[in-house]
Amino acid sequence: MNALFKALAILACLLSPTALAGAGGEMRPAPVYDTEINYMSLAQAEQRLGKPGVLFYDVNVLEIWADGYIPGAIHFFVDNWKDLLPEDKDAEMIFYCANRLCNASEIAAHAVKAMGYTNVSQMPDGIFGWKMSGRVIEKP
């Protein structure tokens with residue numbers, strides 16, 4: 001079921017009007033979430049890096065993940081993503097994906113927040129912003 005959901009989500013992104021520049025598709029409102037998440041800058045995220053209890057989640061496809069990720073980040077774009085969540089609902093969790101055009105980390109952060117996690121942030125600049133700013137990455 002999770003694999004089907006992922007495939008449909010990817011297909012929807014690929015076929016969305018925003019995926020094709022000048023596609024002229026219908027305008028539609030942005031999703032409205034019942035939860036609020038914090039947005040974190042690259043500098044704020046870097047300050048949290050390596051702190052005890054702070055978890056970074058990379059919500060990129062495997063190809064982007066394999067090209068480098070924030071040191072210590074957990075690859076979150078997997079079927080068993082719920083197994084990757086901490087037991088402590090107050091743990092600090094920072095989600096990111098590719099860049100500001102990617103909304104996978106925002107979707108993941110809202111999903112986790114809806115599950116009762118309280119300290120959830122999203123880093124909109126993603127791994128590409130992290131790399132472009134010259135920050136350190138790891139590779140598998």
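To the nearest 0.5 angstrom, Met123 atom CE is 10.5 Å from Asn99 atom CG. A distance of 4.0 Å separates CG of Asp125 from CG of Leu42, quoted to the nearest 0.5 Å. Expressed to the nearest 0.5 Å, how far CH2 of Trp130 lies from CD of Glu46 amounts to 5.0 Å. One distance of note links CD1 of Ile74 with CH2 of Trp81; it measures 13.5 Å at 0.5 Å rounding. Distance CH2/Trp65 to SG/Cys97: 14.0 Å, rounded to 0.5 Å. Separation of atoms CD1 (Ile107) and CD (Gln122) is listed at 10.0 Å; rounding is to 0.5 Å.
Ring centroids of Phe76 and Phe95 are separated by less than 6.0 Å, placing the two rings close together.
Paired with Ile70 under the rule side chain to side chain contact (heavy atoms under 4.5 Å, CB included), one option of Ile94, Asp58, Ile127 passes, and it is Ile127.
Listed here is the closest heavy atom pair of Val61 and His75: C-NE2, 4.0 Å.
Atom NZ of Lys89 is surrounded by more than 12 heavy atoms from other residues, nucleotides or ligands within 6.0 Å. Surrounding CE of Met115 are more than 12 heavy atoms belonging to other residues, nucleotides or ligands, all under 6.0 Å away.
No continuous path of ILVMFWY side-chain contacts below 4.5 Å connects Leu101 to Val59, so the two sit in separate hydrophobic clusters. Neither Met132 nor Ile137 shares a network with the other; the hydrophobic side chains, linked directly or stepwise wherever heavy atoms of I, L, V, M, F, W or Y lie under 4.5 Å apart, form separate groups for each.
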Side-chain donor-acceptor pairs of residues 47-55 under 3.5 Å, sequence neighbours excluded:
unit_1 : atom_1 : unit_2 : atom_2 : d
Arg48  : NE     : Glu92  : OE1    : 3.1
Arg48  : NE     : Glu92  : OE2    : 3.0
Arg48  : NH2    : Glu92  : OE1    : 2.6

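Neither side chain, Tyr39 nor Gln44, offers a donor N or O lying under 3.5 Å from an acceptor on the other.
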Please assess Asn119 against Asp90 for the test side-chain contact (heavy atoms from CB on, under 4.5 Å), listing each intermediate value before the final yes or no. CA-CA 6 Å; Asn119 195 359; Asp90 295 323; 5.6 Å; no
Just do the side-chain contact (heavy atoms from CB on, under 4.5 Å) check on Val120 and Asn38 with the steps written out, would you? CA-CA 7 Å; Val120 179; Asn38 300 316; over 6 Å; no
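Without hydrogens or angle criteria, Tyr117 side chain to Pro86 main chain gives a donor-acceptor distance under 3.5 Å. Lys113 places a side-chain N or O within donor-acceptor distance of the main-chain N or O of Glu36, the cut-off being under 3.5 Å.
Proximity of Met40 to Pro124: side-chain heavy atoms (C-beta onward) are nowhere separated by under 4.5 Å. Counting heavy atoms from C-beta on, the side chains of Pro140 and Tyr69 come closer than 4.5 Å. With a 4.5 Å cut-off on side-chain heavy atoms, Ile37 and Glu106 count as touching. Between Lys131 and Asp67, some side-chain heavy-atom pair lies under the 4.5 Å cut-off.
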